[in-house]
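A short worksheet on the structure shown next.
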Amino acid sequence: MARLGGCWAFLCRCFFQYETPKILLIRSKKVGALNRLVQALILAYVIGYVCVLKKGYQDTDSVLSSVTTKVKGVALTNSSQLGLRVWDVADYVIPPQEESSFFVMTNLIVTMNQTQTRCPELPSSSTNCSSDKDCSAGFVDVRGNGVQTGKCVNFSDSARTCEVFAWCPVETDSEPPNPAVLANAENFTVLIKNSIQYPKFSFGRRNILPDVNTSYLRNCIFDRKRDPHCPIFRLGDIVSEANEDFQSMAVHGGVMGIHIRWDCDLDMPESWCVPKYTFRRLDNKDPDNNVAPGYNFRFAKYYKVADNVETRTLIKGFGIRFDVMVFGKAGKFSVVPTLLNIGAGLALLGLVGAIAWHRSNLYKEQKYSYVDDYALVSTSHQFHLFL
Amino acid sequence: MARLGGCWAFLCRCFFQYETPKILLIRSKKVGALNRLVQALILAYVIGYVCVLKKGYQDTDSVLSSVTTKVKGVALTNSSQLGLRVWDVADYVIPPQEESSFFVMTNLIVTMNQTQTRCPELPSSSTNCSSDKDCSAGFVDVRGNGVQTGKCVNFSDSARTCEVFAWCPVETDSEPPNPAVLANAENFTVLIKNSIQYPKFSFGRRNILPDVNTSYLRNCIFDRKRDPHCPIFRLGDIVSEANEDFQSMAVHGGVMGIHIRWDCDLDMPESWCVPKYTFRRLDNKDPDNNVAPGYNFRFAKYYKVADNVETRTLIKGFGIRFDVMVFGKAGKFSVVPTLLNIGAGLALLGLVGAIAWHRSNLYKEQKYSYVDDYALVSTSHQFHLFL
Amino acid sequence: MARLGGCWAFLCRCFFQYETPKILLIRSKKVGALNRLVQALILAYVIGYVCVLKKGYQDTDSVLSSVTTKVKGVALTNSSQLGLRVWDVADYVIPPQEESSFFVMTNLIVTMNQTQTRCPELPSSSTNCSSDKDCSAGFVDVRGNGVQTGKCVNFSDSARTCEVFAWCPVETDSEPPNPAVLANAENFTVLIKNSIQYPKFSFGRRNILPDVNTSYLRNCIFDRKRDPHCPIFRLGDIVSEANEDFQSMAVHGGVMGIHIRWDCDLDMPESWCVPKYTFRRLDNKDPDNNVAPGYNFRFAKYYKVADNVETRTLIKGFGIRFDVMVFGKAGKFSVVPTLLNIGAGLALLGLVGAIAWHRSNLYKEQKYSYVDDYALVSTSHQFHLFL
């Protein structure tokens with residue numbers, strides 16, 4: 001009982017006492033001023049950098065976005081192969097819808113009326129032949145157009161190549177037309193509809209701003225100076241803002257990035273939260289290292305003609321893929337990050353007191369005391385946490 | 001040699017000595033209790049918030065996901081233009097596969113039997129004409145359907161417009177049918193297969209849970225209460241869970257987000273790691289700011305009829321795009337973050353001792369000592385780090 | 001005036017004085033050595049882990065990427081239904097282009113010459129019937145192929161099912177052919193073009209390295225040992241590197257991830273910044289839980305035959321979707337993160353002095369002083385921050 005009472009008294013004493021380091025106040029013009037200067041720098045950092053620039057007093061959320069696009073425009077072409085032909089959005093946007101990207105065909109190599117039959121392969125080191133012995137039936141070249149039948153046939157008056165079973169006639173592997181067939185794609189426009197949400201703040205907004213009406217939308221074209229908030233972009237403008245030449249890009253194709261940045265300070269009026277558009281070419285166009293340039297792919301339109309025979313038109317389409325990427329962060333005042341940042345700032349200030357000081361013989365004696373442990377019996381040592 | 005010995009002795013002394021601040025223990029009921037209270041708060045924060053709520057003792061990894069979708073359902077339509085017609089998945093899902101998104105057509109405007117020829121453009125301020133002088137051959141309006149031929153022709157009994165070379169007849173630019181043609185899409189279902197991996201923990205899981213068998217999967221429909229783990233969703237349920245009306249959304253189209261959240265505590269049994277589904281409309285449907293609503297795009301089916309003439313059926317398809325987004329974090333006990341968090345907590349506790357204390361005249365003398373530096377010669381000052 | 005002077009003097013005294021804790025230097029072999037050991041460990045951590053391993057002295061940026069893919073290869077199939085047929089890229093890549101993903105069809109079930117008409121539904125528990133009474137006109141089964149007409153007709157000699165209005169004949173719901181029809185897809189190759197940018201450092205690079213020329217690119221195939229930088233991959237190699245069997249995966253389809261990792265230290269020569277490729281199966285193939293395995297989707301090719309009747313060929317395509325994912329971080333020396341990391345390291349060192357020390361009766365008197373607050377009048381207490 002007495003022991004319990006003693007224990008209780010000890011706990012009480014512990015609970016109602018606290019520790020504080022002993023402090024030496026030194027009056028020194030040089031070091032005092034230096035000390036204050038460092039403290040001022042840290043205060044400036046905490047207030048200026050953390051609070052004002054980085055907005056450390058705000059809670060942040062990242063953007064949730066949905067993008068839809070709609071291309072408009074018509075191009076007229078006149079070639080010996082296709083005759084006079086008009087191209088509209090259903091012809092040159094392939095596939096017709098994608099999640100946050102769209103492809104506009106600007107150039108093409110068409111191979112019409114292909115059927116499944118036999119024909120001579122294109123000449124190359126592995127398909128040139130002088131007799132049937134040079135061709136092996138059933139051989140498939142991964143870069144070829146079909147399966148060899150084992151015969152050697154005339155490709156042209158001068159060349160003989162192995163015959164293949166394939167979609168015939170095979171596509172002639174030539175450079176794409178220059179200038180591009182659909183060079184007029186420069187004047188096409190695209191309406192980009194982008195709705196964003198910051199779920200944490202229940203805040204939503206779209207790039208068609210509230211003050212925009214239908215008649216403005218029917219006639220505007222994005223212009224960084226005059227119409228910076230019009231969501232309709234001329235393709236040629238997108239490419240030229242990225243310091244590229246549309247006509248030369250149209251020949252071999254490429255990939256453009258359309259970046260939409262939504263940085264919103266929700267402590268400010270909502271109307272200050274507007275998207276910023278930037279454009280950038282994403283694929284490489286280094287002329288010194290021009291292996292496999294541009295962007296193209298093959299697709300086909302399938303037909304059935306009389307007698308139920310399937311034919312197709314093969315199109316090697318060159319064009320520009322536009323990838324729409326939406327970035328952004330929203331910030332709003334919140335108690336927790338504010339306290340965290342102030343706390344971290346104060347901790348920094350506290351460190352200063354410990355880091356920089358002046359040591360001179362005069363107050364060395366005042367600051368330091370010495371104990372010699374060597375004579376001690378080392379049984380009673382124990383670790384203790386600085387609380 | 002003597003100098004080296006002295007240096008060595010100095011290093012030894014340095015190595016085997018350490019510094020500790022001098023402490024003043026103050027017995028004060030008020031401040032002692034306050035001090036302990038703050039310490040208790042910090043301990044509660046470290047244990048409660050960092051360890052229990054935020055699971056600071058865990059190493060985390062973010063999710064690697066793969067999504068495939070499969071829509072099922074059949075709709076019957078009966079229109080004067082198309083007659084009785086049944087629509088299945090190959091007809092209304094365009095394109096047939098996408099990476100983590102699928103589009104279901106719910107409404108459409110069909111323009112059949114278009115060929116490349118000449119026809120009057122739709123009436124508008126820039127195409128209305130009274131004579132050939134009002135039309136300029138070769139002019140292309142970016143919002144038009146073709147290239148003007150320079151002639152002014154009858155569009156209808158009452159209106160005359162410029163003739164265009166285009167896919168003719170041109171699409172009549174009218175409002176989409178209301179109610180939607182494929183209103184029955186509300187009853188379509190989609191099976192979403194989602195496999196996730198947490199590579200750091202070599203942990204994989206899929207949203208078809210291990211206890212699900214084929215017969216359950218053949219008949220179940222997701223229901224937040226009865227079947228929260230069935231991966232088959234009725235499109236109408238997805239939309240109504242997001243507090244939207246499917247039938248009105250079906251008319252102009254829209255974009256829905258399907259969010260799958262995998263938050264897994266890998267210290268718990270594996271069977272606790274299950275996906276949570278939420279649904280949200282991503283595009284804007286603000287009735288006050290209803291410029292360019294909904295989601296639609298144009299695509300065409302190409303045919304070749306007799307005489308090798310190419311015709312096409314142009315479809316302006318309205319519908320709902322569903323974007324599947326997979327989020328998630330997995331946590332598992334790990335030594336490094338545990339130590340880091342405990343260390344940060346202790347550092348906070350240590351700060352308290354330095355921050356809050358009581359100053360009164362009685363022990364001010366005990367805590368503070370004063371040294372005056374003004375008289376010192378300032379040649380011997382040097383900076384020293386508090387180790 | 002006198003008061004202002006006093007205030008000014010006080011501010012001056014404040015400004016030119018600074019506080020430093022009083023320090024007790026203890027000479028103890030045991031604790032001193034321990035103290036130095038902990039300090040050495042922290043120094044090793046700061047230098048070894050933060051600076052060398054984590055490169056804490058660098059500013060980092062995350063990758064901005066663009067991916068385009070091009071599949072090559074030809075497969076020959078011979079079936080009773082389709083006859084001898086050759087398949088090229090326009091036939092088996094669906095859709096022809098996607099943002100960072102491509103699908104290669106490896107197996108298929110074809111239903112040819114479907115038209116909109118009436119035919120018996122496939123037998124199942126809900127469609128089997130013995131008389132017209134068992135079928136209800138207008139009923140649509142969400143898993144069925146069409147709309148019931150209310151009649152019960154012969155499906156085969158032995159079975160009678162409800163008649164449906166649908167694309168007829170309906171697809172027979174059978175297992176996909178095994179081995180896969182396009183088993184030869186194993187030998188197809190894909191050229192992956194990946195351009196990356198680190199915008200913060202104005203640094204761009206592509207996976208076709210500068211020392212690669214056109215002739216190398218025409219003949220190389222990626223091989224982890226011999227050609228680790230060739231951007232052309234054999235599909236069979238991708239699958240087998242992920243420890244999967246192509247032929248069994250080809251039957252039901254699946255999803256493969258192609259991971260490209262660009263970790264670049266921009267303080268090093270630019271030529272060290274090369275992509276690392278890894279491959280991983282993303283969908284589940286757990287044989288114990290094999291509900292709804294693989295990956296397939298339905299699409300159709302539409303034809304118009306004589307009399308303007310629309311027919312279609314429905315294809316249920318099984319295949320492998322390859323998702324290309326680009327990761328990476330670039331680091332470059334920068335002053336701010338270097339200072340931050342050194343500062344954090346010093347703060348850690350400083351904490352050690354406060355945490356571990358030796359308490360023994362001998363110097364307890366030296367370290368601790370006691371003040372008793374109980375007798376004090378508690379009017380003059382105030383809080384003060386340790387600066």
Side-chain angles (χ1 to χ4, degrees), chain B residues 13 15-31 66 68 70 72-74 76 84-86 88-91 95-99 187-189 191 193 195 204 206 208 210 212-214 217 301 303 305 347 350 354-363 366 369 386-387, chain C residues 21-27 29 31-33 35-36 39 94-95 98 101 103 116 140 142-147 165-167 255 282-284 289 291-292 295 297-300 302-304 314 323 349-351 353-354 357 367-374 376 378 380-386:
Chain B
R13 209 165 53 230
F15 189 82
F16 289 121
Q17 93 183 5
Y18 68 99
E19 294 164 326
T20 178
K22 287 193 174 182
I23 297 297
L24 187 68
L25 277 174
I26 303 178
R27 293 197 182 97
S28 155
K29 272 191 179 160
K30 275 200 175 173
V31 187
S66 134
T68 61
K70 185 170 230 176
K72 288 212 169 166
V74 172
L76 186 75
L84 197 65
R85 194 183 162 95
V86 69
D88 71 3
V89 64
D91 296 323
Q97 75 103 1
E98 288 182 272
E99 198 174 343
N187 295 318
F188 294 172
T189 60
L191 163 63
K193 286 197 271 179
S195 290
R206 66 199 297 228
I208 301 176
V212 164
N213 56 35
T214 311
L217 210 61
K301 292 192 271 185
Y303 306 102
V305 288
I355 286 177
W357 75 75
H358 192 210
R359 180 192 269 184
S360 86
N361 288 329
L362 185 70
Y363 66 86
Q366 304 273 342
S369 320
F386 172 43
L387 292 182
Chain C
K22 287 193 174 181
I23 298 295
L24 187 69
L25 277 174
I26 304 177
R27 294 200 180 95
K29 273 193 179 160
V31 187
N35 195 32
R36 295 298 168 201
Q39 286 175 354
I94 302 135
E98 290 181 270
S101 168
F103 172 84
Q116 295 256 344
V140 181
V142 80
R143 284 166 190 81
N145 290 292
V147 183
F165 180 77
W167 283 101
V255 185
L282 295 182
D283 68 319
N284 182 282
N289 179 14
V291 178
Y295 182 48
F297 59 90
R298 286 184 180 82
F299 65 99
Y302 295 86
Y303 306 102
K304 262 190 189 162
L314 178 68
D323 293 347
L349 281 178
L351 265 178
W357 76 76
K367 182 170 171 67
Y368 293 97
S369 320
Y370 298 88
V371 180
D372 216 317
D373 200 27
Y374 298 146
L376 276 176
S378 57
S380 66
H381 69 270
Q382 67 193 77
F383 286 92
H384 178 84
L385 212 56
F386 172 42

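Each chain gets a letter, A, B and so on, in the order the sequences are listed, and its residues count up from 1. What you see is a predicted model; the values in this text were computed from it and never measured.
Chosen from C:D323, C:L314, C:V140, the residue pairing most often with chain B at heavy-atom distances under 4.5 Å is C:D323. The greatest number of non-hydrogen atom pairs below 4.5 Å with chain C, out of B:L76, B:V305, B:L191, B:N187, is found for B:L76.
Closest non-hydrogen pair, B:P96 versus C:I94, comes out as CG-CG2, 3.7 Å. When all heavy atoms of C:Y295 and B:Q97 are compared, the closest pair comes out as OH-OE1, 2.6 Å.
For chain B, the nearby parts of C:F299 are the backbone and the side chain; heavy atoms of each come within less than 4.5 Å.
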Let's go through B:D91 and C:Y302 carefully: what are the C-alpha distance in whole Å and the side-chain angles of both, what is the deciding distance for side-chain contact (heavy atoms from CB on, under 4.5 Å) to 0.1 Å, and is it a yes or a no?
CA-CA 10 Å; B:D91 296 323; C:Y302 295 86; 2.3 Å; yes

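For the pair B:K301/C:K304, no side-chain contact is recorded, criterion being any heavy-atom separation below 4.5 Å from C-beta on. Residues C:V255 and B:S66 meet the side-chain proximity criterion, which asks for heavy atoms closer than 4.5 Å. Under the 4.5 Å side-chain criterion, counting only non-hydrogen atoms from C-beta, C:N145 is not in contact with B:D88. Taking 4.5 Å as the limit, every side-chain heavy atom of C:F103 sits out of range of all side-chain heavy atoms of B:E98.
Judged by distance alone, with hydrogens and angles left aside, the side-chain atoms of C:Q116 form a donor-acceptor pair with the main-chain N or O of B:V86 at under 3.5 Å.
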